[in-house]
Amino acid sequence: MYALVEDNEVKQIITNPKAMVIEDVRYPAKIFQMWSQSELNAIGIYEVITDSTNKKDESYYINTNEEYNFADNQVTKSWGTATPKRLEDENAVDENGDPILDQDGVQLINYGLKTEKKRIVKDQASGLLAPTDWYIVKSTEVADYDVPDNILSFRADVRSKSNQMETQIDACTTVDELKALYEYTTQEDGTQTRPLAEFPKEI
C-alpha cells in the first residue's frame, strides 16, 4: 500500500499499483515495481507503514477509523483508542431515551458480549448432545432398554462443562477478562490450554 503526499499531507491512498498523473506528468504502474523507494519518494509516493498499537480484536472492541499521517518522511496508518464493547445486556431505547418495543409490546434488548458468548456455548453443547439424543428417546420408548453408561457420562460431562463455561463468562467484569478466557497458551509438555473450560471430545 502506498500514499501520495502533497504539501506534507496525505492526498490519496494507493491500494494497488496503477498509472498516475502527478504534477502533469503521467507515470506508468510499473514504477511501483521498478523504482526504488527514494525515487518514488521524490515524486511524492510513499509506502504506508502500519502502526497497530491501538488496533484491537474487533470481536471485543470497536476500533476507530484508520488515520493516515505524514511525518519524518514517512506515511503511517494508525488507529485511535479502541472502545470496549458492552458486556451486559441493556434495554433498547430510541433517541429520546424511550423504550423500543416489538409489535407485541415487549421490550427489545441489546445483547452484550456475555450473552453472545453464552449463546455460542449453548449451541456447541446442543451440537455435541444431538448425535446421542436417540439413546434417550429409545430409553423412553423401549421398556427394557438402558442407555449405555458411557453415553450418560458423556452427556452429563457436556452439560457440566457448558454450565462451567457460562459461570466463567458471567464472572467477567471487563472485556479484557472475557477475552483472556479464550486465549490459549503453550504448556511445558507442548499442549495448549485456555482458562475457559473445554467440552469433552465427541464419542
Got a list of side-chain donor-acceptor pairs under 3.5 Å for residues 4-28, not counting sequence neighbours?
residue, atom, partner, partner atom, Å
Glu9, OE1, Lys11, NZ, 3.3

Residues 137-152 side chain polar contacts: donor-acceptor under 3.5 Å, at least two apart:
residue, atom, partner, partner atom, Å
Ser139, OG, Ile136, O, 2.7
Thr140, OG1, Val137, O, 2.6

Distance-only check: which donor-acceptor pairs under 3.5 Å involve side-chain atoms of residues 156-164, not counting sequence neighbours?
residue, atom, partner, partner atom, Å
Asn163, ND2, Arg159, O, 3.3

Exercise answer: donor-acceptor pairs, residues 195-203 side-chain atoms, under 3.5 Å, sequence neighbours excluded:
residue, atom, partner, partner atom, Å
Glu198, OE1, Arg194, NH2, 3.4
Glu198, OE2, Tyr184, OH, 2.7
Glu198, OE2, Arg194, NE, 3.4

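Annotation: the span from Ile120 atom CD1 to Glu116 atom CD amounts to 7.5 Å, rounded to 0.5 Å. Within the model, atoms CD of Gln192 and OG1 of Thr185 stand 8.0 Å from one another, a figure rounded to the nearest 0.5 Å. Going from atom OG1 of Thr50 over to atom NZ of Lys77 covers 4.0 Å, rounded to the nearest 0.5 Å.
Annotation: side chain of Lys85 is in contact with side chain of Ile62 (closest heavy-atom distance under 4.5 Å). No side-chain heavy atom of Arg155 sits under 4.5 Å from any side-chain heavy atom of Leu128. Residues Trp35 and Ile43 are in side-chain contact: their nearest non-hydrogen atoms beyond the backbone lie under 4.5 Å apart. By the 4.5 Å heavy-atom criterion applied to side chains, Tyr182 and Lys117 are counted as neighbours. Under the 4.5 Å side-chain criterion, counting only non-hydrogen atoms from C-beta, Asn91 is not in contact with Asn110. In this structure, Met165 and Lys118 have side chains that are not in contact, with every pair of non-hydrogen atoms separated by 4.5 Å or more. Leu87 places a side-chain heavy atom less than 4.5 Å from the side chain of Val175.
Checking side-chain atoms of Asn63 against main-chain N and O of Lys56 turns up a donor-acceptor pair under 3.5 Å. Asp94 contributes a side-chain N or O that, together with a main-chain N or O of Asn96, makes up a donor-acceptor pair within less than 3.5 Å. Looking at Asp189, its side chain does come within 3.5 Å of a backbone N or O of Thr191 through a donor-acceptor pair. Between the side chain of Arg86 and the main chain of Leu113, no donor-acceptor pair closer than 3.5 Å is present.
Linking ILVMFWY residues whenever their side-chain heavy atoms come closer than 4.5 Å, directly or via other members, places Tyr60 and Ile169 in the same cluster. A continuous path of ILVMFWY side-chain contacts below 4.5 Å connects Val121 to Leu181, so both sit in one hydrophobic cluster.
Remark: Glu88 engages Lys114 in a side chain to side chain donor-acceptor pair (under 3.5 Å) (not counting sequence neighbours). Phe32 is linked by a ring-ring contact (aromatic ring centres under 6.0 Å, His included) to Tyr2, counting only residues two or more places apart in sequence or in another chain. For Ser59, the side chain to side chain donor-acceptor pair (under 3.5 Å) test picks out Asp57, with sequence neighbours left out. Checked against side chain to side chain donor-acceptor pair (under 3.5 Å), Glu39 has the following partners two or more places apart in sequence or in another chain: Ser36. With sequence neighbours excluded, the residues that form a side chain to side chain donor-acceptor pair (under 3.5 Å) with Asp176 are Tyr61. Under the ring-ring contact (aromatic ring centres under 6.0 Å, His included) criterion, Phe70 pairs with Tyr46, not counting sequence neighbours.
Taking the charged nitrogens against the carboxylate oxygens, Glu66 and Lys55 have no contact shorter than 4.0 Å, which rules out a salt bridge.
Minimum interatomic distance between Asn69 and Ser78 (heavy atoms only, all atoms of both residues): ND2-OG, 4.3 Å. Considering all non-hydrogen atoms of both residues, Gly127 and Pro131 come closest at O-CD, 3.2 Å.
For Thr115 and Asp89, the side-chain atoms include at least one donor-acceptor pair closer than 3.5 Å. A donor-acceptor pair shorter than 3.5 Å can be found between the side chains of Gln187 and Thr193.
Under a 4.5 Å side-chain heavy-atom cut-off, the cluster of Ile, Leu, Val, Met, Phe, Trp and Tyr residues that includes Ile109 is completed by Tyr111. Taking a 4.5 Å side-chain heavy-atom cut-off between Ile, Leu, Val, Met, Phe, Trp and Tyr, the cluster of Ile100 extends to Leu108.
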Where do Leu101 and Gln107 land on the side chain to side chain contact (heavy atoms under 4.5 Å, CB included) test, with the steps shown first? CA-CA 4 Å; Leu101 311 178; Gln107 171 72 58; 4.1 Å; yes
